[in-house]
Protein chains: 2
Amino acid sequence: MTETLERGQKTTVESSNPACQPGVEVEMLVREMIGCVADKWTMLILEELTEHGTVRFTRLGELVGGISQKMLTKTLRQLESNGLVKRTVYPVVPPRVDYQLTELGLSLSEAFCGVWEWAEKYHGQVSQARRAFQPLAVPSATLDSEETGGSQTY
Amino acid sequence: MTETLERGQKTTVESSNPACQPGVEVEMLVREMIGCVADKWTMLILEELTEHGTVRFTRLGELVGGISQKMLTKTLRQLESNGLVKRTVYPVVPPRVDYQLTELGLSLSEAFCGVWEWAEKYHGQVSQARRAFQPLAVPSATLDSEETGGSQTY
DNA sequence: CAGCATCCTTTTTGATACTG
DNA sequence: CAGTATCAAAAAGGATGCTG
């Protein structure tokens, strides 16, 4: 694998550099970022911030739904440290902290838009595929791993 | 948990659906899918399959890099159960199993394309933001910048 | 209200060892 | 080669108590 990542089809090819191959280094960085960003809560928070603009801590938790303060804080810190979210603290008596996307965060949110649209468009097909999927019935007593995703529909 | 989610207000295919109340149900399904798909290994595997088309098990593991057989198997099973990946077993002596994206999987891969492009385009800014982010806990003696005097909870 | 610290439970992941 | 099974380590996540 000499030619590293040619990422699908570069629609907007701004730097097709045949001679120089920043591939490997960029690849690492990109993967690291994917690892940080390809997270359930991250996507949901990003989404809510996109929809509501500036939101307070607790409110954000409510919007996301089902997230603990711990995870909310953690994910927000990560987003903040990556420059995707801006945190504003108001020195008022009942503490008030607003969160909003930065330009960078907004751009990521837009990038994720395609995934959301995909999910909205194809969730039916996925659900259908899940029901049609028969996890190869094997020997006796194979009940340890439910690695077939969340085989909740069973 | 609350279902007070009113997120779906963008490109909705729901709006053209008279006999169905979109929002809540779709929201749940979409979130569930995001939860299944917004995963590090999932994205990477999807990527490699997009790049290389049909790939064998071990080869795929090499391409992804840094993934254990366990996770590779698990993630592939999940992808398969969701109808995103097609698994082909050849009854030959040295077992051969090919993996390739389905139409659905390809569509998801394309949806993720935006995220990859984003990562390629902005990883520099993210790296920069990370270095500039100095919250409270200082790991080691880096540069001793001035006391920001902000709300330091130490 | 925001959020950190702590304890504890659940999940995830990695590292073998073992089959067909 | 392509897994499965199992154990141990690690991380994620939840609940609670405590600050300013």
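Proteins come first, then strands; the chains are lettered A, B, ... in the order of their sequence lines, and each starts at number 1.
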Name all residues meeting the side chain to side chain donor-acceptor pair (under 3.5 Å) criterion together with [X]; count only those two or more places apart in sequence or in a different chain, and write none if there are none.
X	answer
Glu48(B)	Arg31(A), His52(B)
Thr102(B)	none
Ser107(B)	Trp118(A)
Arg130(B)	Glu32(A), Asn82(A)

Side chain of Arg56(A), heavy atoms from C-beta onward: which of dC1(C), dG3(D), dA12(D) has the nearest atom to it?
dC1(C)
The side chain of Phe57(B) lies closest to which of these nucleotides: dC1(C), dG3(D), dT13(C)?
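The nucleotide sitting nearest to the side chain is dG3(D).
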Taking OP1 and OP2 of [N], is either one under 4.0 Å from a side-chain nitrogen or oxygen of [X]?
X	N	value
Thr73(B)	dG3(D)	no
Arg77(B)	dT4(D)	yes
Tyr99(B)	dC1(D)	no

[atom1] of [X] versus [atom2] of [N]: gap in Å, rounded?
X	N	atom1	atom2	value
Arg59(A)	dA2(C)	CZ	C1'	17 Å
Lys40(B)	dA11(D)	NZ	P	12 Å
Asp39(B)	dT11(C)	CG	C1'	13 Å
Gln78(A)	dA11(D)	CD	P	14 Å
Glu80(B)	dA2(D)	CD	C1'	13 Å

Tested for side-chain contact (heavy atoms from CB on, under 4.5 Å) against Ile67(A), the lone hit among Leu72(A), Leu44(A), Thr73(A) is Leu72(A)
Using the side-chain contact (heavy atoms from CB on, under 4.5 Å) rule, pick out the option among Ile45(A), Val97(A), Leu84(A) that qualifies with Leu76(A).
Ile45(A)
Using a cut-off of 4.0 Å on non-hydrogen atoms, how would the nucleic acid contact of Tyr90(A) be classed: base, sugar-phosphate, or nothing?
nothing
Is a donor on one side and an acceptor on the other found under 3.5 Å between the side chain of Ser109(A) and the backbone of Gly105(A)?
no
Would you mind building the protein contact string for nucleotides 14-20 of chain C? One character per nucleotide, 5' to 3', B for base within reach (heavy atoms under 4.0 Å), S for sugar-phosphate only, - for untouched.
BB----B
Can you list every stem that DNA chain C is part of, counting only runs of 3 or more consecutive Watson-Crick or G-U wobble pairs with both distances under 3.5 Å?
C:1-20 with D:1-20
Do Leu101(A) and Val89(A) sit in one hydrophobic cluster, given that two such residues count as connected whenever their side-chain heavy atoms are within less than 4.5 Å of each other, even indirectly?
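Yes, one cluster joins them.
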Spacing of Met43(B) atom CE and Ile34(A) atom CD1 [to the nearest 0.5 Å]:
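Reported value, rounded in 0.5 Å steps: 4.0 Å.
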